[in-house]
There are 2 protein chains.
Amino acid sequence: MGRTSDAKERLMDSVLELIWTGSYGTTTIDQICEKAGVKKGSFYYFFESKSHLAAAAFDESWKVNRVKLDGIFSATLPPLDRLRRYCDYAYQFQSEIRQRYGKVLGCPQVSLGCEVCTQEDVLQQKIKQILEQKRKYIESAVRDAHAAGDIDAPDAEAKSKMIMAYYEGVLTQARIQNDVEVLRDAYLGVFAILGVRVCSIATAPAAKVQQLA
Amino acid sequence: MGRTSDAKERLMDSVLELIWTGSYGTTTIDQICEKAGVKKGSFYYFFESKSHLAAAAFDESWKVNRVKLDGIFSATLPPLDRLRRYCDYAYQFQSEIRQRYGKVLGCPQVSLGCEVCTQEDVLQQKIKQILEQKRKYIESAVRDAHAAGDIDAPDAEAKSKMIMAYYEGVLTQARIQNDVEVLRDAYLGVFAILGVRVCSIATAPAAKVQQLA
DNA sequence: CAATTAGTTTACCATACAGACAACTATACA
DNA sequence: TGTATAGTTGTCTGTATGGTAAACTAATTG
């Protein structure tokens with residue numbers, strides 16, 4: 001073997017940040033290289049194009065993200081708590097992002113997917129696949145909640161699609177409005193979709209929820 | 001006065017279509033001009049930049065769209081019917097778009113807003129303003145529904161924000177998935193958020209709805 | 001320590017792009 | 001019918017961009 005390098009990782013980190021804080025279309029290969037501290041020749045040594053880099057970067061990033069979601073959606077937790085935690089996570093995470101970048105950036109997959117869906121097919125397929133996997137967490141929480149008698153949701157898939165649309169929708173609104181506060185009560189929308197009545201007093205993260213009569 | 005021209009309108013039409021079918025970042029002034037059948041010199045005669053053109057185009061387009069929404073949200077209709085019509089409209093409209101362009105394109109304002117929010121401030125303000133006006137339709141329908149006793153929603157603004165996030169979220173999913181079918185039952189999510197129980201049999205556009213006990 | 005593999009660097013090319021400008025032309029209307 | 005006004009056209013410039021290729025360097029291993 002020859003020498004080793006982390007240039008590939010640096011390129012992936014850079015493209016993720018540039019796309020997220022800006023957009024796919026306006027981030028150039030030169031910018032990516034400069035941010036990563038990598039010469040363009042090396043870029044083309046590792047990746048054949050911007051879209052290939054982006055696809056690889058989102059793939060890699062998803063592997064990390066998945067671990068976090070595995071924790072949030074742990075099967076040891078009551079199913080509705082999992083969804084509640086997922087909403088709280090969005091608020092906390094976007095607040096940190098706001099601190100770091102001065103802007104609320106929302107969901108990288110949706111932003112990119114929405115931007116490139118008519119143009120970059122390989123990348124788009126990758127995004128769709130990641131989003132579908134994300135939805136599965138919601139689906140199984142809904143199914144478990146139904147099985148536990150917490151909610152009445154015989155069609156977990158349909159419900160999970162509604163929740164997904166809402167959840168990602170709120171994140172998108174947060175990005176567009178550049179405001180984290182729209183995320184604070186995101187769980188209310190999720191629980192409304194599920195027909196769960198929330199105790200109006202308990203708004204702390206571990207809010208108690210009651211089954212709808 | 002000298003001679004008149006519709007080049008300005010053609011430029012606005014072109015930029016709208018190019019952004020919607022593609023993205024803001026990848027549409028160039030040359031492309032816009034070519035599509036509009038206008039030379040670049042004329043472009044700069046009418047607009048000082050791409051972002052100024054886009055802002056003007058979205059502004060103009062909103063004026064047309066508003067008339068349509070005024071009809072859908074007519075105060076003469078029962079408030080929940082208005083929301084139902086709004087959902088049906090999304091499905092019908094996106095189906096037509098699908099026919100014409102071969103792709104589901106979703107909501108132009110959200111797609112653009114999501115893409116440029118960290119980069120183009122003037123344009124972003126315009127988008128935020130249009131989206132806020134769109135939300136007002138939902139808010140007043142919710143308020144009327146509450147007043148009529150159809151639903152229990154004392155905070156119409158909060159509910160309208162939830163519905164907005166969900167509605168635009170579904171449109172975004174439709175764009176990303178390139179699938180109109182996710183829009184077919186969009187009204188179910190809206191009504192779930194409002195705590196309305198929908199007759200499971202009546203799924204036709206004029207579905208009857210009942211107040212939640 | 002040679003040979004091989006892995007990664008880096010620099011220079012380069014063609015094209016696409018934003019933006020400017022001066023010369024030109026059509027139209028309204030006084 | 002002349003002239004101010006409105007709109008058009010072609011050309012030009014500098015730079016940013018994607019993409020290539022060849023020379024170079026560092027680690028690894030037999």
Side-chain angles (χ1 to χ4, degrees), chain A residues 1-58 60 112 115-116 118-124 126, chain B residues 1-58 60 112 115-116 118-124 126:
Chain A
M1 309 271 173
R3 61 171 146 170
T4 56
S5 164
D6 62 341
K8 203 170 175 174
E9 284 68 38
R10 292 205 310 276
L11 285 168
M12 290 196 284
D13 290 347
S14 298
V15 81
L16 283 180
E17 190 170 326
L18 286 168
I19 290 173
W20 206 20
T21 57
S23 69
Y24 179 82
T26 53
T27 49
T28 66
I29 292 172
D30 283 344
Q31 268 180 279
I32 298 163
C33 291
E34 196 190 329
K35 189 174 187 71
V38 166
K39 304 288 169 180
K40 200 152 55 171
S42 293
F43 172 94
Y44 282 103
Y45 174 75
F46 290 111
F47 301 99
E48 70 178 271
S49 70
K50 184 171 76 166
S51 65
H52 283 81
L53 166 61
F58 271 77
E60 206 54 40
L112 179 60
E115 182 183 346
V116 304
T118 60
Q119 297 164 355
E120 296 280 351
D121 206 61
V122 240
L123 193 44
Q124 185 60 13
K126 175 62 61 187
Chain B
M1 310 274 172
R3 60 171 147 168
T4 56
S5 164
D6 62 341
K8 202 169 176 175
E9 284 67 39
R10 292 206 310 275
L11 285 168
M12 291 196 285
D13 290 347
S14 298
V15 81
L16 283 179
E17 190 170 328
L18 287 168
I19 289 173
W20 205 21
T21 57
S23 68
Y24 179 82
T26 53
T27 51
T28 65
I29 292 173
D30 282 344
Q31 269 180 279
I32 298 163
C33 290
E34 197 190 328
K35 189 174 187 69
V38 165
K39 303 289 168 182
K40 200 151 54 171
S42 293
F43 173 95
Y44 282 103
Y45 174 75
F46 289 111
F47 300 100
E48 71 179 269
S49 71
K50 184 172 76 164
S51 65
H52 283 81
L53 166 62
F58 272 77
E60 206 55 39
L112 179 61
E115 182 183 346
V116 304
T118 59
Q119 297 164 0
E120 296 280 351
D121 207 60
V122 240
L123 193 44
Q124 185 60 12
K126 174 62 60 188

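Heavy atoms only: backbone and side chains are in, while hydrogens, waters and symmetry mates are out. All chains are named by letter (A, B, ...) in the order of the sequence lines, taking the proteins before the strands, and each is independently numbered beginning at 1.
- Where B/Thr4 and A/Glu48 each meet DNA chain D at their nearest nucleotide, the meeting point lying more 5' is that of B/Thr4.
- Computed from coordinates, the A/Glu34 CD to D/dA16 C1' distance equals 13 Å when rounded to whole Å.
- At a cut-off of 3.5 angstrom, the base of D/dG10 holds no donor-acceptor pair with the side chain of B/Lys40.
- Regarding contacts with the backbone of D/dA16, every side-chain N or O of A/Thr28 stays at 4.0 angstrom or more from both OP1 and OP2.
- A/Lys50 comes within 4.0 angstrom of no nucleic acid atom, judged by non-hydrogen atoms across all strands.
- Of the possible donor and acceptor atoms, none in the side chain of A/Lys50 sits under 3.5 Å from a partner among the backbone N and O of A/Val15.
- Within 4.0 Å (heavy atoms only), B/Ser42 reaches at least one base atom of the nucleic acid.
- Each of A/Ser5 and B/Gln31 was matched to the nucleotide of DNA chain C holding its nearest heavy atom; the match closer to the 5' end belongs to A/Ser5.
- In this structure, B/Thr27 contributes its side chain and B/Ser23 its backbone to a donor-acceptor pair below 3.5 Å.
- Rounded to whole Å, the distance from CG on B/Leu11 to P on D/dG7 is 12 Å.
- Spacing between atom CZ of B/Phe46 and atom C1' of D/dT9 amounts to 13 Å, rounded to whole angstrom units.
- One atom, CG of A/Asp6, and another, C1' of C/dG7, lie 12 Å apart when rounded to the nearest Å.
- For the pair B/Tyr44 OH and D/dT9 C1', the computed distance is 16 Å after rounding to whole Å.
- For D/dT25, its base sits under 3.5 Å from the side chain of A/Arg3 at one donor and acceptor pair at least.
- Between A/Thr118 and B/Gly22, the shortest heavy-atom distance links the atoms OG1-CA, 3.4 Å.
- Counting non-hydrogen atoms of other residues, nucleotides and ligands closer than 6.0 Å to CD of B/Glu34 gives a total of 12 or fewer.
- Mapping B/Arg10 and A/Gly41 onto DNA chain D by nearest heavy atom places B/Arg10 at the nucleotide closer to the 5' end.
- The phosphate of D/dG18 has neither OP1 nor OP2 within less than 4.0 Å of any side-chain N or O from A/Ser49.
- If you take NE2 on A/His52 and OH on A/Tyr44, they are separated by 11.5 Å, rounding to the nearest 0.5 Å.
- Using a 4.0 Å cut-off, no side-chain N or O of B/Lys39 falls inside it from OP1 or OP2 of D/dT8.
- Between A/Phe47 atom CZ and C/dG7 atom P there is a gap of 11 Å when expressed in whole angstrom units.
- When the C1' atom of D/dT15 is taken as reference, atom CG of A/Asp30 falls 12 Å away, rounded to whole Å.
- Across the protein-nucleic acid pair, B/Ile29 atom CD1 and C/dG19 atom C1' stand 8 Å apart, rounded to whole Å.
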